[in-house]
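Down below is the structure, laid out as structure tokens.
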Amino acid sequence: MRKLSSIRKCRSCCCCSGAEADCLRTTSEYKVMAEPRMSSIDGKLAEEFAVPSHVEEVKEKMTAFATLHAAAGRGVVLITSGGTKVPLESRTVRFLDNFSSGRRGSCSAEYFIDSGYAVIFLHRHRSLYPYTRMFSTMNMLDALTFRSGEGAARDSGDVVVNQQVLPNIAKVLKRYQEVKEGGLLLPIEFSTLSEYLHLLKAAAQSLNTIGAKAMFYLAAAVSDFYIPASEMPEHKIQSSNGPLQLSLNMVPKILSPLVKDWAPQAFVISFKLETDATILLDKARRALDTYRHQAVVANVLDSRRGYVVVVTRESKAELILSEQDMRNEVDIEERIVSNLTLAHNKFISQQGG
Ligand code: PMT
């Protein structure tokens, strides 16, 4: 593990990722936030899930990002996106994966930014990414051409975008560059379940510094099963030893410490994915009862692009795309984000923020 450099925290608040002199907050602007509490899961996380070497460095980045944007009056949303990978060997050849393309998370990130949020995008390596997701099915070489077609142009290397293949590239590129220049998107990658769990914990502790202005939008598909580091074989499992029987442990439900201990003042949204529509609402309500967070976005695998239900303790909002919407390529994420940003604003006012 990388050694933590010693950082002296500002005494007037607990938000500083850097030295006291760099503190962006003053007590007159913000309420003093409590240090995140330890949870019973912390020990298990440290013992059974390999800690990524860069976690402290990433945590400092996330804290600085959250502090800067909250000071500028923006909400900050942590979006998780893509599926986690559970290795079966420590020098990994084989692994279990959870299904998620990353479309929900990456598309939502764009709408959150359009709604005035800064986004920490905690996503699976190589899953869909905001803005570039629109061109993900494209072969890059098919999108390029030589300026004047034949012969000399090919030799001169004068390459341009083929406007027939990418008609709206300029519009997307313009928005992408604005977001980049504005520093509104902080991408963080994970691949394995261990990386996901440790980075999510670090993100929660970072966002705890901005209280109710923080939102968690947990769209990633997270494994419920894993092999503890201590029980994992080092080398490739040999098929010459016969059929493989796996015994997997249960992954601790990370929502519980997140809501109770790591970021207790934040606005937290979990997702519920089922393949059986008849149990969906019941499972979503049960999650709200168990974890006491603010909302669940419930969806069924086959219809997730056109139908979701946003469930809170007081309400149930069905968001549906019509056939016309589908033809017009409306993103259901636009409606999800609109519903949740309104609820978040209300939440912030109720907390007196
Ligand atoms: O990416 P796409 O292809 O567009 O698909 C989007 C999606 C279908 C993956 C997304 O909309 C979705 O439903 N994501 C959640 C999938 C999931 O993992 O559901 P779950 O029922 O296993 O977990 C429910 C919640 O508990 C999740 O918010 C998860 O963050 C949380 N969880 C899960 C496991 C765990 N150990 N701890 C947790 O806190």
Side-chain angles (χ1 to χ4, degrees), residues 41 45 49 52 77-88 92 94-112 119-130 133 136 187-204 215-227 246 248-259 268-277 279-284 286-288 290-291 293 295-311 319 331-333 336-337 340:
I41 287 176
L45 269 188
F49 297 90
V77 56
L78 180 283
I79 298 178
T80 67
S81 183
T84 58
K85 173 170 148 181
V86 172
L88 301 187
T92 310
R94 301 186 184 90
F95 55 86
L96 304 174
D97 215 340
N98 265 58
F99 166 78
S100 164
S101 64
R103 182 192 154 106
R104 177 81 84 221
S106 57
C107 185
S108 303
E110 294 166 19
Y111 287 109
F112 273 114
V119 172
I120 301 178
F121 187 60
L122 178 58
H123 65 289
R124 167 74 178 269
H125 178 61
R126 292 201 178 142
S127 62
L128 292 182
Y129 192 84
R133 75 181 168 90
S136 65
I188 312 281
E189 285 189 349
F190 67 85
S191 286
T192 63
L193 173 69
S194 297
E195 288 166 354
Y196 170 85
L197 295 173
H198 285 288
L199 290 169
L200 179 59
K201 178 183 168 186
M215 185 198 288
F216 289 83
Y217 184 86
L218 304 172
V222 184
S223 177
D224 284 322
F225 309 104
Y226 78 110
I227 300 177
L246 288 176
L248 301 168
N249 286 14
M250 292 295 296
V251 177
K253 277 284 178 193
I254 211 77
L255 257 179
S256 175
L258 192 152
V259 173
V268 179
I269 302 131
S270 72
F271 278 67
K272 180 50 66 189
L273 174 64
E274 293 297 341
T275 49
D276 177 357
I279 61 171
L280 185 67
L281 276 183
D282 187 42
K283 296 284 288 257
R286 247 192 280 163
L288 283 174
T290 308
Y291 302 111
H293 57 306
V296 175
V297 178
N299 53 178
V300 172
L301 188 63
D302 296 338
S303 59
R304 68 189 188 284
R305 297 251 175 107
Y307 177 75
V308 307
V309 191
V310 181
V311 188
L319 308 180
D331 296 315
I332 196 161
E333 286 77 7
I336 302 175
V337 169
L340 292 171

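Model, not experiment: these values are computed from the prediction.
The six-membered or imidazole ring of H123 lies near that of Y129, with a centre-to-centre distance under 6.0 Å.
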(message) Pair I269, V296 - check side chain to side chain contact (heavy atoms under 4.5 Å, CB included), show working.
(response) CA-CA 5 Å; I269 302 131; V296 175; over 6 Å; no

(message) If you apply the rule side chain to side chain contact (heavy atoms under 4.5 Å, CB included), what do you find for V86 with T192, and how did you get there?
(response) CA-CA 6 Å; V86 172; T192 63; over 6 Å; no

(message) Apply salt bridge (charged side-chain N to carboxylate O under 4.0 Å, His left out) to residues E195 and K85 and explain how you reach the verdict.
(response) CA-CA 9 Å; E195 288 166 354; K85 173 170 148 181; over 6 Å; no

(message) For a side chain to side chain contact (heavy atoms under 4.5 Å, CB included) check, start with the C-alpha distance between F225 and L96, then their side-chain angles and the critical distance, and finish with the verdict.
(response) CA-CA 9 Å; F225 309 104; L96 304 174; 5.6 Å; no

(request) Would you check, one step at a time, whether the test side chain to side chain contact (heavy atoms under 4.5 Å, CB included) holds for L200 with L122? (result) CA-CA 8 Å; L200 179 59; L122 178 58; 4.3 Å; yes

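Exactly one of V311, I336, L218 qualifies for a side-chain contact (heavy atoms from CB on, under 4.5 Å) with V297. That residue is I336.
From I41, atom CD1 reaches atom CG of L255 across 9.5 Å, with rounding to the nearest 0.5 Å. Rounding to the nearest 0.5 Å places NZ of K253 at 5.0 Å from OH of Y291. To the nearest 0.5 Å, atom SG of residue C107 and atom CG of residue L128 are 9.5 Å apart. Taking CD of E333 as the start and CZ of F112 as the end, the distance is 10.5 Å to the nearest 0.5 Å. How far CG of L193 is from CG of D97: 11.0 Å, rounded to the nearest 0.5 Å. A distance of 6.0 Å separates CG in L301 from CZ in F99, rounded to the nearest 0.5 Å.
For the residue pair S270/H293, the side-chain donor-acceptor check at 3.5 Å is satisfied. A donor atom on one side chain and an acceptor atom on the other are found under 3.5 Å apart for S108 and Y217. Y307 and N299 share no side-chain donor-acceptor pair at under 3.5 Å.
Side-chain contact between I188 and F121 is absent, with no heavy-atom pair separated by less than 4.5 Å. A 4.5 Å side-chain heavy-atom check between V251 and L197 finds at least one atom pair inside the cut-off. Side-chain atoms of M250 and Y226, non-hydrogen and from C-beta on, never get closer than 4.5 Å to each other.
Panel note: side chain S106, backbone R133; no donor-acceptor pair is recorded below 3.5 Å. Here the side chain of S303 pairs no donor or acceptor atom with the backbone of G306 at under 3.5 angstrom.
For D282, the side-chain hydrogen bond (donor to acceptor under 3.5 Å, both in side chains) partners at least two apart in sequence or on another chain are R286.
Heavy atoms only, all atoms of each residue included: G83 and S100 are closest at N-CB, 3.7 Å. Among all heavy-atom pairs drawn from S127 and S101, the shortest one is CB-O, 3.6 Å.
The pair R124-E189 does not meet the salt-bridge criterion, since no charged nitrogen lies less than 4.0 angstrom from a carboxylate oxygen. Looking at D331 and R305, no side-chain N of the basic residue comes within less than 4.0 Å of a carboxylate O on the acidic one, giving no salt bridge.
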